[in-house]
Amino acid sequence: MTTAGDIMHRGAQWIPAHETLDRAAQLMRQLNVGALPISDQNERLCGILTDRDIVVGCVALGHDPSTVTAGEMAKGTPRWIDADADVSEVLQEMKGHQIRRLPVIENKRLVGMISEADLARHLSDDQIASWAESVYAKSATP
């Protein structure tokens with residue numbers, strides 16, 4: 001059985017909710033990533049911040065990224081997967097919520113992230129095609 005822990009990228013880092021978006025952008029650049037899990041004061045997942053969130057949700061609206069915090073950008077219920085979860089559960093979670101990145105948790109602590117690149121490296125062509133169709137499908141409009 002292939003697990004989330006087998007395919008994840010180890011070494012993911014939190015951005016504390018109180019950190020500013022300019023600091024988040026610096027950390028993204030340093031780590032060469034496009035998303036950071038946001039942690040509360042107890043190092044529990046409270047959201048995910050993407051580079052797009054910073055640009056569209058802050059800069060494009062004329063806000064100063066040195067005064068807006070990661071926690072202010074956290075919206076909705078964060079999704080995550082246990083490190084021992086089967087890869088089919090990973091795909092189901094990502095497909096079901098149309099997400100491209102998924103934090104991996106073990107013993108209530110962040111241990112990694114699963115991204116599109118991780119899926120591409122570890123899954124069959126059929127699994128990738130099914131995932132991409134679900135995540136990138138346009139929702140029907142009335």
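Minimum interatomic distance between T3 and D84 (heavy atoms only, all atoms of both residues): CG2-O, 3.8 Å. Minimum heavy-atom separation, M73 to C58: CE-N, 4.4 Å. Here the closest non-hydrogen pair linking C46 and S39 is SG-C, 3.8 Å. The shortest heavy-atom contact between G47 and A74 is CA-CB, 4.2 Å. Shown here for W131 and R100, the closest heavy-atom pair between the two residues is CZ2-CA, 4.1 Å.
Taken to the nearest 0.5 Å, the CE atom of M8 stands 8.5 Å off from the CG atom of L110. Taking CG of D118 as the start and CG of D6 as the end, the distance is 12.0 Å to the nearest 0.5 Å. Rounded to the nearest 0.5 Å, atoms CZ (R52) and CG (L49) are 12.5 Å apart. Atom-to-atom distance recorded for Q98:CD and R79:CZ is 13.0 Å, nearest 0.5 angstrom. Note that the CD atom of Q127 and the CG atom of L91 stand 6.0 Å from one another [nearest 0.5 Å]. With rounding to the nearest 0.5 Å, the separation of NZ in K108 from CD in E43 is 14.0 Å.
Other residues, nucleotides and ligands contribute over 12 non-hydrogen atoms within 6.0 Å of the CG atom of N42. Around atom CD of Q92, no more than 12 heavy atoms belonging to other residues, nucleotides or ligands sit under 6.0 Å away.
Under the 4.5 Å side-chain criterion, counting only non-hydrogen atoms from C-beta, D82 is not in contact with I105. Side-chain atoms of I7 and L119, non-hydrogen and from C-beta on, do get closer than 4.5 Å to each other. Between P65 and V59, some side-chain heavy-atom pair lies under the 4.5 Å cut-off. Using a 4.5 Å heavy-atom threshold, the side chains of I48 and I38 count as separate.
Clustering ILVMFWY residues whenever any of their side-chain heavy atoms sit less than 4.5 angstrom apart, transitively, puts I54 in the very cluster that holds L31. Criterion: ILVMFWY side-chain heavy atoms under 4.5 Å apart, direct or through other members. Under it, V111 and I114 are part of a common hydrophobic cluster. The cluster map of Ile, Leu, Val, Met, Phe, Trp and Tyr, joined by side-chain heavy atoms under 4.5 Å apart, puts I15 and L21 in the same cluster. Hydrophobic clustering keeps L45 apart from V104 (ILVMFWY residues linked when any side-chain heavy atoms are closer than 4.5 Å, directly or through intermediates). Linking ILVMFWY residues whenever their side-chain heavy atoms come closer than 4.5 Å, directly or via other members, places V33 and L27 in the same cluster.
A side-chain N or O of S66 and one of D64 form a donor-acceptor pair less than 3.5 Å apart. In this model, a donor atom of one side chain and an acceptor atom of the other lie less than 3.5 Å apart for T69 and E72.
No donor-acceptor pair under 3.5 Å is formed between the side chain of D53 and the backbone N or O of G57. In terms of modelled atom types and a separation under 3.5 Å, the side chain of E89 and the main chain of D86 share a donor-acceptor contact. Between the side chain of N107 and the main chain of R109, no donor-acceptor pair closer than 3.5 Å is present. Between the side chain of E133 and the backbone N or O of S130, no donor-acceptor pair lies under 3.5 Å.
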Inset, instruction - Begin from the C-alpha positions of T20 and D22 and carry the test side-chain hydrogen bond (donor to acceptor under 3.5 Å, both in side chains) through to its verdict. - result: CA-CA 6 Å; T20 59; D22 62 338; 2.3 Å; yes
Inset, instruction - Dump the intermediate steps for side chain to side chain contact (heavy atoms under 4.5 Å, CB included) on T50 and R101, then the final yes or no. - result: CA-CA 10 Å; T50 67; R101 300 170 183 101; 3.7 Å; yes
Legend entry - Pair M113-L36, side chain to side chain contact (heavy atoms under 4.5 Å, CB included): steps then yes or no: CA-CA 9 Å; M113 288 279 283; L36 294 169; over 6 Å; no
